[in-house]
4 protein chains.
Amino acid sequence: MNTTDQERGPKFRRRAEARPDEVLDAALELFIEKGFASTRVEDIAKRAGLSKGTVYLYFPSKEALLEGLVRRAILPIADSALTTLHDYEGDPRVVLSMVLTMLAGRFGDPKVMAMPKLIFREAMGFPGLAEMYRREVLDRVLPAVEGLLRRGIEQGYLRQVDPSLTIRSIIGPLMLHVAMAEIFGITPEGGLHMEKLVENHLTILFDGLSAPPSAKQWSAS
Amino acid sequence: MNTTDQERGPKFRRRAEARPDEVLDAALELFIEKGFASTRVEDIAKRAGLSKGTVYLYFPSKEALLEGLVRRAILPIADSALTTLHDYEGDPRVVLSMVLTMLAGRFGDPKVMAMPKLIFREAMGFPGLAEMYRREVLDRVLPAVEGLLRRGIEQGYLRQVDPSLTIRSIIGPLMLHVAMAEIFGITPEGGLHMEKLVENHLTILFDGLSAPPSAKQWSAS
Amino acid sequence: MNTTDQERGPKFRRRAEARPDEVLDAALELFIEKGFASTRVEDIAKRAGLSKGTVYLYFPSKEALLEGLVRRAILPIADSALTTLHDYEGDPRVVLSMVLTMLAGRFGDPKVMAMPKLIFREAMGFPGLAEMYRREVLDRVLPAVEGLLRRGIEQGYLRQVDPSLTIRSIIGPLMLHVAMAEIFGITPEGGLHMEKLVENHLTILFDGLSAPPSAKQWSAS
Amino acid sequence: MNTTDQERGPKFRRRAEARPDEVLDAALELFIEKGFASTRVEDIAKRAGLSKGTVYLYFPSKEALLEGLVRRAILPIADSALTTLHDYEGDPRVVLSMVLTMLAGRFGDPKVMAMPKLIFREAMGFPGLAEMYRREVLDRVLPAVEGLLRRGIEQGYLRQVDPSLTIRSIIGPLMLHVAMAEIFGITPEGGLHMEKLVENHLTILFDGLSAPPSAKQWSAS
DNA sequence: AATGAATGAGGTTTCATTCAT
DNA sequence: TATGAATGAAACCTCATTCAT
């Protein structure tokens with residue numbers, strides 16, 4: 001009938017293709033803020049600038065939003081760091097430095113950490129989610145890093161360590177740093193300062209906490 | 001095994017002083033399994049072997065269970081590792097080894113990890129909880145570790161690192177190891193093997209990933 | 001009779017602007033019948049031809065229904081009798097006769113008496129209600145009647161009485177008549193017969209119970 | 001047996017006979033304060049200085065408390081004013097003055113008004129109560145007053161009025177005075193002043209509101 | 001006679017989902 | 001495509017009542 005929605009033209013549709021993404025954006029924010037169970041569909045709709053009913057045009061249920069969120073997050077991740085990681089030849093410490101520095105930058109961005117946090121929170125309640133994320137992301141990234149470490153060891157760059165377990169020693173500190181800040185507000189003065197953390201961490205990671213034997217005060221001898 | 005029909009008979013259950021603790025136990029399990037919002041009070045009651053109403057005899061609301069849980073968890077934690085940490089004199093690497101080994105043992109126990117996981121999940125929705133936990137636990141433990149590191153640096157045992165940031169490098173790997181196992185089921189073959197993780201991590205933590213400069217082809221054979 | 005399927009069809013019920021009023025009507029009936037505490041929201045909904053949830057679309061809580069009821073009742077009352085009362089000049093007994101006759105007519109209507117009855121019942125539990133009703137209704141009506149009596153006294157129409165206390169003598173009998181009927185089913189044969197009550201009451205109110213001193217057998221002639 | 005009621009002895013029982021009355025006292029207070037439905041049995045027990053379970057030793061249900069209350073209130077009322085009312089010979093105005101003065105005194109006592117208020121509040125929800133009270137109290141008191149009026153008319157003391165309806169004109173003002181004070185806090189300055197109300201009311205009741213015809217400007221001087 | 005721990009039906013309120021427009 | 005009124009299942013919480021001690 002007289003559906004002159006905004007400007008002109010009959011049956012005018014405003015960026016209808018972007019709708020699902022906008023809904024997912026809103027859902028992600030709210031799921032992070034209050035958890036899946038405590039987020040109301042109506043709030044998601046409101047934040048996306050839609051009405052409640054419209055959400056159900058794009059997603060058949062609230063849980064489908066969660067699935068959609070994970071699915072959307074999976075796509076770009078695979079391609080990003082994987083190739084650079086895989087193809088590299090030479091000292092893996094250079095790659096690790098680059099990767100950690102890159103990760104440090106991205107961890108500061110709330111949007112990047114949102115998905116892991118969401119998965120962490122809701123994994124117990126919806127086991128399918130975690131499984132999907134693991135299959136599509138972790139099962140591809142972890143072997144790549146492992147391979148990098150293995151080659152580094154083989155080529156004499158790295159000490160004889162367990163590549164798989166060593167991944168925890170590489171990434172764990174970054175995770176903990178962010179988690180302490182997010183959950184307890186425990187940060188160095190003035191902010192996350194991811195670059196300082198990475199610098200401190202790389203020192204330890206590559207050369208160890210122990211003071212170098214040659215110099216100054218290495219205890220008794 | 002788990003049947004606590006200790007004293008008189010199987011039906012004798014009146015005036016149990018342990019009631020509140022039993023309720024908290026049940027609540028903790030379910031909050032971990034399904035999250036606070038998705039856990040029904042009736043389920044908590046059922047798991048504790050009680051009826052819905054009885055839970056409200058001891059706790060005025062569902063949220064009070066959460067508070068009670070945090071409160072209960074706070075008491076023993078402070079005293080446990082703190083004294084050993086504080087009083088020690090000498091090579092801090094010995095202490096760190098001991099502490100990490102101890103932590104590794106306790107992290108394997110689901111009951112020990114339950115509270116941190118719960119706090120992690122629900123912190124956003126109930127900021128008071130996280131604040132309380134931080135004030136009573138972290139604000140006491142972290143400075144102690146920091147002091148240990150600082151003394152280690154002063155006495156020449158440790159390299160010149162940022163003590164506060166270094167804590168992330170010490171603990172983070174353990175956290176990540178447990179988290180990967182819990183959430184994604186990613187473990188070394190056959191189980192958590194915390195002792196292996198700690199061994200691998202301590203090697204890196206103290207001496208670094210880099211191969212010792214002397215023997216370039218240490219892994220040659 | 002009571003089926004308000006007025007406009008289109010029997011199933012057409014969307015976007016009724018009158019919804020809140022219909023809910024209040026149902027609530028009032030039930031609050032009178034069974035009291036606020038013993039009335040279930042579901043019953044209110046059912047009587048209004050709605051589902052439980054729909055009631056909460058219009059009123060945020062059960063108590064808000066009570067407030068809405070009082071608020072709605074307040075508006076029309078003030079204006080009705082006030083103007084006629086205020087502007088009148090001359091023998092106040094004429095006005096009082098008119099007002100009492102009018103009141104008698106309205107007291108017979110259950111809808112008119114519903115609010116005072118409700119306030120009476122629930123005032124103790126919700127002091128705010130009574131206060132609001134008093135401020136908006138009684139504090140405006142009582143002074144007007146008092147003024148009428150005061151002028152009547154000044155102009156020599158009425159005996160020297162306390163205007164404020166006399167209001168009780170004017171209205172009290174009507175209230176008691178209705179209350180006895182409502183609560184105990186005590187009525188003159190065949191019904192309330194408000195007009196007979198008013199006639200009897202006005203006789204006493206104006207001329208007193210005492211027989212006229214002159215003629216001992218007043219009804220003889 | 002060993003009924004050492006007050007001081008010592010094993011299986012000590014304190015004034016066990018007065019218990020039901022104490023429970024009823026507590027119940028009456030609370031029913032008045034908050035209504036029957038909103039009063040918890042536990043609160044009644046607490047106010048009576050007992051435990052919840054003990055209340056059920058004396059009354060089989062909460063509703064039985066209501067019945068017990070009405071039953072208890074009925075006994076003394078019948079005998080009190082009835083005889084004096086019935087036997088009196090002579091000017092009924094003297095009796096009415098006495099009765100109203102007496103009533104005025106008792107209406108000021110909260111304990112006396114408690115039962116009527118309670119009946120008023122809960123009558124709709126428990127029709128049996130009102131019926132019992134009416135049968136035992138009103139059906140005996142009202143005819144007595146009616147008889148008094150009828151005799152007063154026959155003997156020429158009173159004007160020809162409807163005795164039954166006139167009862168409303170006699171008692172109504174007192175009821176309204178108390179009700180306004182209780183519910184809305186509307187009292188003459190400084191308190192109920194029942195004696196002033198009765199004085200003002202009796203003037204009107206016996207001689208009417210109208211100024212005496214002889215002296216038009218009675219208040220002139 | 002007295003207690004108070006325990007129960008569970010029933011009430012208020014929320015919110016995912018549907019559907020007429 | 002979009003809306004938002006309407007629904008009703010399910011959750012939290014209360015409290016009358018029971019019963020072992």
Side-chain angles (χ1 to χ4, degrees), chain A residues 1 3 5 11-14 16 19 37-46 49-65, chain B residues 11-16 19 37-45 49-65, chain C residues 8-9 11-17 19 37-45 49-65, chain D residues 1 3 11-14 16 19 37-46 49-65:
Chain A
M1 317 295 174
T3 59
D5 264 351
K11 300 200 174 178
F12 178 57
R13 261 183 281 146
R14 297 186 306 179
R19 276 292 148 76
S38 298
T39 296
R40 294 177 319 191
V41 173
E42 178 143 30
D43 290 341
I44 297 172
K46 202 171 294 170
L50 300 168
S51 78
K52 195 170 25 169
T54 308
V55 171
Y56 280 88
L57 287 181
Y58 298 109
F59 298 91
S61 74
K62 191 183 170 188
E63 196 167 339
L65 285 167
Chain B
K11 280 182 184 171
F12 183 58
R13 252 344 182 73
R14 290 316 200 74
R15 283 182 170 247
R19 248 330 116 70
S38 298
T39 297
R40 293 176 318 177
V41 173
E42 181 146 27
D43 290 340
I44 297 171
L50 299 169
S51 78
K52 198 176 19 169
T54 307
V55 171
Y56 284 92
L57 227 53
Y58 298 106
F59 298 91
S61 73
K62 193 183 170 188
E63 199 169 335
L65 285 168
Chain C
R8 309 270 168 107
K11 280 182 186 173
F12 182 59
R13 252 342 182 72
R14 290 317 201 74
R15 284 183 171 245
E17 311 283 314
R19 246 332 115 72
S38 298
T39 296
R40 295 175 318 176
V41 173
E42 181 146 28
D43 291 341
I44 297 171
L50 300 169
S51 78
K52 201 173 17 170
T54 307
V55 171
Y56 283 90
L57 229 53
Y58 298 106
F59 297 91
S61 73
K62 192 183 171 188
E63 198 169 335
L65 286 168
Chain D
M1 316 289 174
T3 58
K11 302 203 172 174
F12 178 56
R13 259 184 281 146
R14 295 187 308 180
R19 276 291 148 75
S38 297
T39 296
R40 294 177 319 191
V41 173
E42 179 143 30
D43 290 341
I44 296 172
K46 202 170 293 168
L50 299 168
S51 78
K52 197 169 26 168
T54 307
V55 171
Y56 281 88
L57 287 181
Y58 298 109
F59 298 90
S61 74
K62 191 183 171 189
E63 197 167 336
L65 285 168

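Convention: sequence-line order gives letters A, B, ...; per-chain numbering from 1. Nothing here was measured: the structure is a model prediction, and the numbers come from that model.
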Among all residues two or more places apart in sequence or in another chain, which pass the side chain to side chain contact (heavy atoms under 4.5 Å, CB included) test with Phe59(A)? Pro20(A), Val23(A), Leu24(A), Ala64(A), Leu65(A)
To the nearest Å, give me how far apart CG (Leu65(C)) and C1' (dT12(E)) are. 12 Å
What is the nucleic acid contact for Ser38(B), judged by heavy atoms within less than 4.0 Å: base, sugar-phosphate only, or nothing? nothing
Pull out every stem in DNA chain E, meaning runs of 3 or more consecutive Watson-Crick or G-U wobble pairs with both distances under 3.5 Å. E:2-21 with F:2-21
By nearest-nucleotide position on DNA chain F, the 5'-leaning member of Tyr56(B) and Gly53(C) is Gly53(C)
Send over the distance from Lys52(A) NZ to dT3(F) C1', rounded to a whole Å. 11 Å
Nearest 0.5 angstrom please: Leu57(A) CG to Ser51(A) OG, how far? 8.0 Å
In whole angstroms, how far is the P atom of dT18(E) from the NZ atom of Lys62(A)? 15 Å
Arg19(D) versus Leu50(D): any side-chain heavy-atom pair under 4.5 Å? yes
Atom pair distance, as rounded to whole Å: CD1 in Ile44(C) and C1' in dT12(E): 11 Å
For Glu42(A), salt bridge (charged side-chain N to carboxylate O under 4.0 Å, His left out) partners two or more places apart: Lys52(A)
Between dA6(F), dA1(E), dA6(E), which nucleotide gets closest to the side-chain atoms of Leu57(C)? dA6(F)
Just compare dA6(F), dT3(F), dC12(F) and give me whichever is closest to any side-chain atom of Val41(B). dC12(F)
dT7(E) phosphate, OP1 or OP2, under 4.0 Å from Thr54(B) side-chain N/O: yes
Between CD of Glu42(C) and P of dT13(E) the distance, given in whole Å, is 13 Å
Quick check on DNA chain F: between Val55(A) and Glu63(D), whose nearest nucleotide comes earlier from the 5' end? Val55(A)
Taking only residues two or more places apart in sequence, or in another chain, which ones meet Ser61(D) in a side chain to side chain donor-acceptor pair (under 3.5 Å)? none
Does Tyr58(D) put a side-chain nitrogen or oxygen below 4.0 Å from OP1 or OP2 of dA2(E)? yes
Non-hydrogen atoms of Lys62(C) and Tyr56(C) that approach each other most closely: N-OH, 4.4 Å
Do the side-chain N or O atoms of Ser51(A) get closer than 4.0 angstrom to the phosphate oxygens (OP1, OP2) of dA2(F)? no
Tell me every residue that passes side chain to side chain contact (heavy atoms under 4.5 Å, CB included) with Ala37(A), counting only those two or more places apart in sequence or in another chain. Ala37(B), Ser38(B)
Could you state the atom-to-atom distance from CZ of Phe59(C) to P of dT14(E) in whole Å? 15 Å
